[in-house]
Amino acid sequence: MAETIFSKIIDKSIAADILYEDELALAFSDINPQAPIHFLVIPKKPIATVNDIEEADKSLVGHLYWVAAKLAKDMGFAEQGYRAVMNCNEHGGQTVYHIHLHVLAGKPLGWPPYQDRLKV
Ligand code: 5GP
């Protein structure tokens, strides 16, 4: 898998506003927030897209949701609610090919969350 900007955030060669880190995952603020609170939870293991999640990765991907929920509780927005979503490939709006859970919060979120970028 080609190295991405997120590999550099994991190895700390690029700075990020890190909110949580353990041996499996890293959470950091999104550089271009789409809600009052917007951070990303990523596995340290590079997995390019949701399509590349293997059976052995199932607990790792569950761990990303556990980190999202922990931060939501710690940061005080769990009860009001939030969105935790992964974009996949072009039609999903994915731009960085290292899977990441977007966690968006801090206001009522519309659905769909983004303006259509691709007209069908
Ligand atoms: P995607 O479009 O792949 O679902 O989401 C990629 C996200 O990564 C975007 O929300 C974008 O703002 C964020 N992002 C891209 N480059 C950087 C960076 O260098 N630092 C941080 N903190 N976020 C980034």
Side-chain angles (χ1 to χ4, degrees):
M1 188 188 123
E3 190 172 85
T4 68
I5 194 92
F6 291 173
S7 304
K8 296 185 183 354
I9 290 175
I10 291 166
D11 72 20
K12 311 278 170 43
S13 58
I14 286 185
D17 175 32
I18 293 174
L19 304 173
Y20 176 88
E21 180 169 16
D22 64 25
E23 68 281 10
L24 296 174
L26 190 67
F28 52 92
S29 302
D30 196 291
I31 204 168
N32 183 23
Q34 301 299 313
I37 297 166
H38 183 182
F39 60 84
L40 305 173
V41 186
I42 70 171
K44 289 188 173 175
K45 175 182 176 181
I47 300 170
T49 78
V50 171
N51 292 333
D52 300 301
I53 296 169
E54 297 179 345
E55 186 158 15
D57 300 320
K58 288 194 294 188
S59 65
L60 174 60
V61 176
H63 183 67
L64 304 181
Y65 273 96
W66 179 85
V67 172
K70 174 181 168 41
L71 283 171
K73 291 171 206 161
D74 291 351
M75 294 167 73
F77 62 83
E79 289 309 313
Q80 280 192 304
Y82 54 97
R83 182 162 298 142
V85 66
M86 283 191 193
N87 298 328
C88 182
N89 278 340
E90 184 186 358
H91 281 194
Q94 185 173 6
T95 58
V96 179
Y97 283 79
H98 179 133
I99 60 167
H100 46 282
L101 196 55
H102 290 265
V103 179
L104 300 129
K107 67 173 186 181
L109 299 165
W111 186 263
Y114 305 120
Q115 296 283 339
D116 280 340
R117 285 190 266 171
L118 299 167
K119 299 293 181 197
V120 290

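Numbers here are sequence positions counted from 1. Atoms within each ligand, like the ligands themselves, are counted from 1 in listed order. Note that the coordinates shown come from a computational prediction; the quantities given were computed from them, not determined experimentally. Basis for what follows: all heavy atoms, side chains included, without hydrogens, waters or symmetry-related copies.
Each of the atoms 1 (P), 2 (O), 3 (O), 5 (O), 6 (C) of ligand 1 lies under 4.0 Å from some heavy atom of Thr95. Taking every non-hydrogen atom of His102 and a distance limit under 4.0 Å, the qualifying atoms of ligand 1 come out as 1 (P), 4 (O), 5 (O), 7 (C), 10 (O). For ligand 1 and Ile5, the ligand atoms under 4.0 Å from any heavy atom of the residue are 19 (O). Proximity to Ser29 (heavy-atom distance under 4.0 Å) selects the following atoms of ligand 1: 22 (N).
Neither the backbone nor the side chain of Gln34 comes within contact range of ligand 1; no heavy atom lies under 4.0 Å. By the criterion of a heavy-atom distance under 4.0 Å, both the backbone and the side chain of Asn32 are placed next to ligand 1. Contact annotation: for Asn87 versus ligand 1, heavy atoms closer than 4.0 Å belong to the side chain alone. Neither the backbone nor the side chain of Ile14 has a heavy atom within less than 4.0 Å of ligand 1.
Within a 6.0 Å sphere centred on CD of Glu3, other residues, nucleotides and ligands contribute more than 12 heavy atoms.
Here the shortest heavy-atom pairing between Ala16 and Ile9 reads CB-CG2, 3.7 Å. For the residue pair Lys44 and Glu21, the shortest heavy atom distance occurs at NZ-OE2, 2.8 Å.
When hydrophobic clusters are built by joining Ile, Leu, Val, Met, Phe, Trp and Tyr residues whose side-chain heavy atoms come closer than 4.5 Å, directly or via intermediates, Met86 is grouped together with Leu60. Cluster annotation: Leu101 and Phe6 are assigned to distinct hydrophobic clusters (Ile/Leu/Val/Met/Phe/Trp/Tyr, side-chain heavy-atom contacts under 4.5 Å, transitive).
Residue contact annotation: Met86 has no non-hydrogen atom under 4.0 Å from ligand 1. Assignment of Gly93 to the shell around ligand 1 is supported, since a heavy atom sits closer than 4.0 Å. Ligand 1 lies less than 4.0 angstrom from a heavy atom belonging to His100.
Considering both main-chain and side-chain atoms, Phe6 never comes within under 3.5 Å of ligand 1 through any nitrogen or oxygen pair. Residue Gln94 has no N or O atom closer than 3.5 Å to an N or O atom of ligand 1.
For Asn89 (side chain) and His91 (main-chain N/O), no donor-acceptor pair under 3.5 Å exists by modelled atom type. In terms of modelled atom types and a separation under 3.5 Å, the side chain of Arg83 and the main chain of Gly110 share a donor-acceptor contact. In terms of modelled atom types and a separation under 3.5 Å, the side chain of His100 and the main chain of Phe39 share no donor-acceptor contact. A donor-acceptor pair is defined here as one N or O able to donate and one able to accept, closer than 3.5 Å; no such pair exists between the side chain of Gln94 and the backbone of Val50.
Relative to atom 13 (C) of ligand 1, the option among Asp30, Val96, Ile9 with the closest non-hydrogen atom is Asp30.
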